[in-house]
Amino acid sequence: MDITACRAEDLDVLERFMPSYADDAHHADRYARQAAGDSTYLIPWLDRRPVGHAEVRWTGCHAPEVRAALPGCPDVNSLFVWPESLRSRGVGTALVRAAERLARERGIGVMGLGVGDHNPRAAALYARLGYRPAVAFVDRWAYLDASGVRHERVDPGVFLVKELDPSSPLDVRRA
């Protein structure tokens, strides 16, 4: 498996294998944030097919609760592995590790990510990778169903943080 930053020419392939439905989370939107320097949109490839994605938002989590408690903490957002048959086979772990490597290369000593209260499987993975609860938050997002009807979601969760370097300027113990 290879993990690369998304390229413009990848967008059609991503849309074909993993269609986007969220209002502000289309592959093209993530790529645009990457092109603006606000994020890195990571794509894992297996046999020349995309098998997931994760967006490292260098500007941090958009939830106000997280921004107040952990200003400047980058966020691994929208981690997704597809098809489901590839879950629990190391793809998610590889994406998180790639995000951490990028943060270290930028001199960033912490990484954060959110997990919904309804997703104990992901929470267990993040705990195994060394992420610890920092602040409760509410994730708000919307998506379009197959008929084009917009649905809004409000999901409670926890933002988790991992110290990548003990000399990090962000004190995660205070949150």
Side-chain angles (χ1 to χ4, degrees), residues 1-7 9-31 33-34 39-58 60-63 66 73-104 110-146 151-164:
M1 178 177 60
D2 292 319
I3 297 177
T4 63
C6 185
R7 302 166 304 161
E9 57 266 29
D10 297 334
L11 295 175
D12 288 338
V13 175
L14 290 169
E15 206 54 55
R16 189 167 6 120
F17 285 103
M18 295 178 296
S20 305
Y21 297 106
D23 274 0
D24 66 347
H26 292 281
H27 301 296
D29 296 327
R30 293 182 181 117
Y31 178 75
R33 286 190 290 270
Q34 175 180 275
S39 73
T40 302
Y41 189 30
L42 297 171
I43 310 298
W45 298 88
L46 186 62
D47 298 326
R48 297 175 25 191
R49 287 187 54 195
V51 293
H53 56 71
E55 183 181 10
V56 184
R57 293 191 178 186
W58 303 114
C61 179
H62 68 275
V66 176
C73 182
D75 172 28
V76 178
N77 189 278
S78 302
L79 193 143
F80 180 70
V81 175
W82 187 257
E84 285 188 43
S85 62
L86 291 177
R87 293 182 184 160
S88 296
R89 294 188 177 199
V91 178
T93 296
L95 282 166
V96 172
R97 297 271 192 240
E100 292 171 354
R101 180 183 48 76
L102 291 174
R104 284 186 188 98
V110 295
M111 181 60 71
L113 48 78
V115 63
D117 290 349
H118 65 281
N119 198 347
R121 187 173 173 184
L125 167 65
Y126 303 145
R128 280 193 309 273
L129 294 175
Y131 286 81
R132 301 293 174 250
V135 61
F137 76 106
V138 177
D139 190 16
R140 292 173 171 79
W141 57 284
Y143 69 95
L144 301 176
D145 67 19
H151 300 267
E152 294 188 18
R153 295 286 310 259
V154 177
D155 295 322
V158 177
F159 193 77
L160 310 169
V161 177
K162 178 179 178 179
E163 284 193 49
L164 303 176

Quick check: closest heavy atoms across [X] and [Y], and the distance to 0.1 Å?
| X | Y | result |
| --- | --- | --- |
| P74 | V110 | CG-O, 3.6 Å |
| M1 | A94 | CE-CB, 3.5 Å |
| P50 | F17 | CD-CD1, 3.7 Å |
| G52 | P44 | O-CD, 3.1 Å |
| M18 | H27 | O-NE2, 2.6 Å |
| A103 | L164 | CB-CD1, 3.7 Å |

Are the side chains of [X] and [Y] in touch, meaning some heavy atoms are under 4.5 Å apart?
| X | Y | result |
| --- | --- | --- |
| V76 | M111 | yes |
| L46 | L86 | yes |
| Y131 | L125 | no |
| V66 | C73 | no |
| D117 | V158 | yes |
| R87 | F80 | yes |
| Y126 | L113 | yes |
| Q34 | C6 | yes |

Holding to side chain to side chain donor-acceptor pair (under 3.5 Å), I want the full list of residues that pass it with E84, two or more places apart in sequence or in another chain.
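If we apply the side chain to side chain donor-acceptor pair (under 3.5 Å) test to E84, skipping adjacent residues, there are no hits.
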**Message:** I'd like to know if R140 pairs up with E152 as an ion pair, taking the criterion as any Lys NZ or Arg NE/NH1/NH2 lying under 4.0 Å from an Asp or Glu carboxylate oxygen.
**Reply:** no
Review point. Using 4.0 Å as the upper bound for N to carboxylate O, is an ion pair formed by D155 and R153?
Key: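 Here R153 pairs with D155 in a salt bridge, since their nearest N and O are under 4.0 Å apart.
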Distance only, no hydrogens: is a donor on one side chain within 3.5 Å (strictly under) of an acceptor on the other, for S78 and R30?
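Their side chains do contain a donor-acceptor pair, which is all the 3.5 Å distance test asks for.
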> E100 and K162: side chain to side chain contact (heavy atoms under 4.5 Å, CB included), yes or no, with the steps?
Replying inline: CA-CA 9 Å; E100 292 171 354; K162 178 179 178 179; 3.3 Å; yes
Yes or no on side chain to side chain contact (heavy atoms under 4.5 Å, CB included) for R97 and L129, after CA distance, side-chain angles and deciding distance? CA-CA 9 Å; R97 297 271 192 240; L129 294 175; 3.2 Å; yes
Check: So, D10 side chain and R7 main chain: donor-acceptor pair closer than 3.5 Å or not?
Finding: yes
**Prompt:** Which word best sums up how the rings of F159 and F137 line up, parallel for under 30°, tilted for 30 to 60°, or perpendicular for over 60°?
**Reply:** perpendicular
With side chain to side chain contact (heavy atoms under 4.5 Å, CB included) as the criterion, how do S88 and R121 come out once you've worked through the C-alpha distance, each side chain's angles and the decisive distance to 0.1 Å?
CA-CA 9 Å; S88 296; R121 187 173 173 184; 2.5 Å; yes
ask   = Of the options V51, I3, V13, which is the one that meets W45 in a side-chain contact (heavy atoms from CB on, under 4.5 Å)?
value =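 Among V51, I3, V13, the one meeting side-chain contact (heavy atoms from CB on, under 4.5 Å) with W45 is V13.
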Begin from the C-alpha positions of L14 and Y41 and carry the test side chain to side chain contact (heavy atoms under 4.5 Å, CB included) through to its verdict.
CA-CA 12 Å; L14 290 169; Y41 189 30; 4.1 Å; yes
Side chain to side chain donor-acceptor pair (under 3.5 Å) partner of S39, the single match among R57, E55, R33
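Checked R57, E55, R33 against S39; only one passes side chain to side chain donor-acceptor pair (under 3.5 Å): E55.
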Check: If you measure from CG on N77 to NE2 on H62, what distance do you get to the nearest 0.5 Å?
Finding: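 N77 atom CG to H62 atom NE2 measures 7.0 Å (nearest 0.5 Å).
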| query | For D12, which residues count as a salt bridge (Lys or Arg N to Asp or Glu O under 4.0 Å) partner, sequence neighbours excluded? | reply |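 Listed in chain order: nothing, the list is empty.
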Those residues at least two apart in sequence (or on a different chain) that pass salt bridge (Lys or Arg N to Asp or Glu O under 4.0 Å) with R104 are none
